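Predicted, not measured: the structure shown is a model, and the values here were computed from it. Below, chains carry the letters A, B, ... as their sequence lines are ordered, and counting in each starts from 1.
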Protein chains: 2
Amino acid sequence: MGKIEDAIRQKEFKDPYNKAVVNLLYTHSYLVTIQNSLFKPYDISPEQYNVLRILRGQNGQPTTVSSIQDRMLNKMSNASRLVEKLKTKGLLIREECPTDRRQVDVVISEKGLNLLKELEVKVEESNRTLIHLNEEEVAQLNDLLDKMRG
Amino acid sequence: MGKIEDAIRQKEFKDPYNKAVVNLLYTHSYLVTIQNSLFKPYDISPEQYNVLRILRGQNGQPTTVSSIQDRMLNKMSNASRLVEKLKTKGLLIREECPTDRRQVDVVISEKGLNLLKELEVKVEESNRTLIHLNEEEVAQLNDLLDKMRG
DNA sequence: AAATAATAAATGTATATACAAATAATGTTA
DNA sequence: TAACATTATTTGTATATACATTTATTATTT
């Protein structure tokens, strides 16, 4: 039985709203712990995986660093440094934008596409099994999350 | 309208389960961004705040580092270093345990209690307003989160 | 009692988040 | 066109996460 009160050994919360914040923080930790162990053998972090997915979503079109930043799950993350890491690994190509030399064109590489293809299957399967809800409940969860952010 | 598809500009997801994982990661980022700005003026991080709350929950009884670790929202966090930071700020007292010299007794200080008292009111208010759900919905969200972790 | 195992905490290193500031290029305006 | 503002990216610094390793102490076994 996975009630949050037991997980962190706290008897009660001020109100259901304060409980929900703690519950979300704890659930996030549950998620990323599973994700990390999944990504570990591939020498890539969940954040780097996410950047690769954003790049592939562009269908070969170059993307700027700020556009990546925009689409990231964590808006405060540092796309510039993540791109640098992925470039070192040969998973993307980064070059100066010809029309605006402030910008940088980023494109996923063949190696990046292959890694993504291989990893994606495992991630999608993991995501399905790690959420112990039926179809109706998970749809409800999505609606509540969308709504709670206002 | 805060649908996750718009927030990260992704048209569709593999299935509602994969959407829920992304939704949770994104919602977490939404939460901690608000929390960080709230904590900033007090020179304390959400994680440090959480440790202080755990310590106060002991009602003056000394707690060991591993017991703090256990109750933390993020189990992979490093309680040892957080305790060190809080000690430097004078928010807790850390001393060698007399009965077992491997252990360390940690107790929240008067200064820590005062900070907690002041901060807590603001955190609780913030937590209530940042979740745009009614009482019934937030209870539902808590149930779904508890259940999804299995 | 000596050797070994187990436990508690601290430390090392890599990655990422958070946010401010610096740098460089482009746009705008007087 | 020179001065100024804006935009894109990088860099600096502090905090935290993730996980392996080390150190110190206590418990167990032979």
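Of the candidate nucleotides D:dA18, D:dT15, D:dT26, D:dT15 has the atom lying nearest to any side-chain atom of B:K85. Taking every side-chain heavy atom of B:Q103 into account, C:dA9 is the closest of D:dA18, D:dT17, C:dA9. Here the side chain of A:S66 is nearest to one of C:dA25, D:dT9, D:dT13, namely D:dT9. Of the candidates C:dT26, C:dT7, C:dT11, C:dT26 carries the atom nearest the A:R102 side chain, counting heavy atoms from C-beta on.
B:E84 comes within 4.0 angstrom of no nucleic acid atom, judged by non-hydrogen atoms across all strands. Base contact: A:N78 has a heavy atom under 4.0 Å from a base atom.
Computed from coordinates, the B:D70 CG to C:dA8 P distance equals 10 Å when rounded to whole Å.
Checked against salt bridge (Lys or Arg N to Asp or Glu O under 4.0 Å), A:K14 has the following partners two or more places apart in sequence or in another chain: B:E124. Contacts of A:L38 classified as side chain to side chain contact (heavy atoms under 4.5 Å, CB included), with partners at least two apart in sequence or in another chain: A:K122, A:V123, A:S126.
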Residues B:E120, B:R56; criterion salt bridge (Lys or Arg N to Asp or Glu O under 4.0 Å); working and verdict: CA-CA 12 Å; B:E120 196 162 44; B:R56 194 192 47 187; 2.6 Å; yes
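When the side-chain nitrogen and oxygen atoms of A:S80 are compared with OP1 and OP2 of D:dA8, none of them lie within a distance under 4.0 Å.
Across every strand in view, D:dT30 sits in a pair with C:dA1 that passes the Watson-Crick or G-U test at under 3.5 angstrom.
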